[in-house]
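Reviewing the structure listed below.
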Amino acid sequence: MRKKGLVALCLAALMTTTALTGCGGNDSSNDSSTKNSDAGSSAKSEAKGKVYYLNFKPEADAQWQELADMYTEKTGVEVTVVTAASGQYETTLKSEMGKDEAPTLFQVNGPVGLASWKDYCYDLKDAAITKEVSSDDFLLKDGDAVDGIGYAIESYGIIYNKNLLKKAGYSEDDIKNFADLKKVAEDITARSKELGFSAFTSAGMDGSSDWRFKTHLANLPVYYEYQADGIDQTDAIKGTYLDNYRNIWDLYINNSTVSPKQLSTKTGDDAVAEFVTEKAVFYQNGTWAYSDIADLGDENLGMLPIYIGVDGEENQGLCTGTENYWCVNKKAPEEDVQATLDFINWCVTDDAAVKCMCGAAGAMPSGQDGMGFVIPFKKNLESDNPLVNIANEYVKNGKKPVSWNFTTMPSEQWKNDLGSALTTYASDQNDKNWDLVKKAFVDNWAKEAKASK
């Protein structure tokens, strides 16, 4: 099978655990009929099996293609890396799994994604890569079985331009909660003509940008409801913190570079351009966005938690977690299953491979930048991404990271309906239209959760 398409892991990431060191080992299979092999030293003449990795974003395509070539050169094992178009991963996975040569390695976003694919997941409980994981928090389990392993830890929040914030007369020390953020943002808006910039970049609601708000921003009210109720998932969200969700959404859309009525046409590229050209102070995104905004200079980049006005949020850190879990297709031929186990173990234990995954500028053998991940494995390297290091500082200072509970959102349809409601509300901000958001959030959650059973 030829290599084709695009591929990417999700981006630069944050690890909230302490730095660890260690070394790799051979993979051991749960299936006694599957032979173990050492991918790092396999002779090309003895290479068996092949790997087909279906990944879901294009940001690191070149790096993954190069890493696949490195592994093939080293072992003789053929590695094909393919990605689906943006927003089409699940559809593509369903299509590819129906083919004779189905993916041997794929990914799910968490418990909800796993529900659709657990019958395909090889039990990684005894696999060598599982012994390299720095914390069991990064294992995706179904009962006692380990169906997936997180491979990149990420953080997101409100990235800000230190220079512009200073020009407006403020610093990060002035923003410790939602009330502070609101005061600063509205003051910048009131003086925007004088200052020459706005508070927030556009909250674009097209497909390249709406995930920041229908998923990542929506994580905050879900997180706080779960915290209050002592749960980690539900089939019936109550919407306890939807007023807080409205407050932060109002702040974003009414203190930005564009009219709220224009959000349906604004893209992710628009937001990046506004931030890089210093048209706005604040930009909600994650550690993975560093390469897009690096031209501002590391010394000029800061990152704040997303405050929504909940008691005690002064002790909140950034939103930290993963929705990237590797799963091995147990229905693939045995030699391909073993080849895939060997490949992913090599990715996180081989020094050169780890450098490619974790490194930044010039980390690849070709001289191109590495993937910039922080990987939740023993050989993780210190990051060159300043946003990752900022996120680590929050942890060191005792701030509690906000977990990624959006992986429990019941379906992609739920997110899309919420995004549509948010867009309608932005164009005409009244209680009636906010009721549409509440309905999309609460009623549709129950409906989609029931439909998935």
Side-chain angles (χ1 to χ4, degrees), residues 3-15 19-25 27 38-42 44 47 50-83 104-107 128-129 132-134 138 149-154 287-292 294 322 324-326 339-389:
K3 292 195 191 86
K4 57 182 179 178
L6 296 173
V7 69
L9 286 170
C10 272
L11 332 155
L14 164 72
M15 194 165 182
L20 296 165
T21 58
C23 58
D27 221 320
D38 184 344
S41 60
S42 295
K44 293 181 185 179
K50 56 184 180 292
V51 180
Y52 170 8
Y53 179 24
L54 182 64
N55 205 11
F56 92 145
K57 283 193 177 183
E59 286 82 356
D61 172 57
Q63 291 89 336
W64 272 101
Q65 300 295 350
E66 185 173 344
L67 193 63
D69 287 341
M70 288 169 57
Y71 188 74
T72 300
E73 177 65 23
K74 185 178 182 68
T75 67
V77 173
E78 186 177 6
V79 179
T80 300
V81 177
V82 180
T83 195
T104 64
L105 180 64
F106 62 99
Q107 65 183 64
I129 189 173
E132 299 300 320
V133 177
S134 58
F138 304 119
I149 294 181
Y151 59 81
I153 308 305
E154 305 162 327
T287 48
W288 55 84
Y290 170 62
S291 62
D292 293 333
T322 185
N324 301 286
Y325 292 91
W326 273 334
T340 303
L341 294 171
D342 289 340
F343 174 66
I344 58 177
N345 190 55
W346 175 82
C347 285
V348 303
T349 59
D350 180 87
D351 288 344
V354 170
K355 184 178 180 182
C356 293
M357 291 188 71
C358 298
M364 304 297 294
S366 65
Q368 71 173 320
D369 292 349
M371 300 179 196
F373 301 163
V374 173
I375 58 175
F377 300 97
K378 295 176 182 178
K379 280 203 168 183
N380 175 61
L381 302 177
E382 184 176 351
S383 178
D384 292 330
N385 182 335
L387 300 180
V388 168
N389 297 328

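We use all heavy atoms of the structure for the numbers below, so side chains are in, but hydrogens, waters and symmetry mates are not.
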What are the two closest heavy atoms between [X] and [Y], and how far apart are they?
| X | Y | answer |
| --- | --- | --- |
| Thr80 | Val82 | CG2-CG2, 3.8 Å |
| Pro376 | Phe138 | CB-CD1, 3.3 Å |
| Val354 | Thr349 | CG2-N, 3.8 Å |
| Met357 | Ile375 | CE-CG2, 3.9 Å |
| Thr83 | Asn55 | OG1-O, 2.6 Å |
| Ala128 | Asn345 | C-OD1, 3.6 Å |

Checking [X] now: which residues fulfil side-chain contact (heavy atoms from CB on, under 4.5 Å) with it, not counting sequence neighbours?
| X | value |
| --- | --- |
| Ala294 | Tyr290 |
| Thr322 | Ile153, Asn324, Tyr325 |
| Ala363 | Lys355 |
| Gln368 | Ala62, Gln63, Glu66, Met364, Ser366 |

(request) Rounded to the nearest 0.5 Å, what's the gap from CG on Asp369 to OG on Ser291? Could you check? (result)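 Answer rounded to 0.5 Å: 8.0 Å.
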(request) Drop me the distance from Asn389's CG to Glu382's CD, to the nearest 0.5 angstrom. (result)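 Answer for the CG-CD pair, Asn389 versus Glu382, is 6.0 Å.
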[X] side chain near [Y] side chain, heavy-atom distance below 4.5 Å:
| X | Y | value |
| --- | --- | --- |
| Asp342 | Val77 | no |
| Thr75 | Phe343 | no |
| Lys379 | Asp350 | no |
| Cys356 | Pro365 | yes |

(request) Keeping the roles fixed (side chain from Asn385, backbone from Thr287), state whether a donor-acceptor pair exists under 3.5 Å. (result)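 Looks like yes, one N/O pair under 3.5 Å.
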(request) Could you tell me how the ring of Trp64 sits relative to the ring of Tyr53: parallel (under 30°), tilted (30 to 60°) or perpendicular (over 60°)? (result)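 Correct class here is perpendicular.
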(request) Output, in order, the C-alpha distance, side-chain angles, deciding distance and verdict of side chain to side chain contact (heavy atoms under 4.5 Å, CB included) for Trp346 and Leu67. (result) CA-CA 11 Å; Trp346 175 82; Leu67 193 63; 3.7 Å; yes
(message) Please determine whether side chain to side chain contact (heavy atoms under 4.5 Å, CB included) holds for the pair Tyr151 and Ile344, giving the CA-CA distance in whole Å, both sets of side-chain angles, and the decisive distance to 0.1 Å.
(response) CA-CA 10 Å; Tyr151 59 81; Ile344 58 177; over 6 Å; no
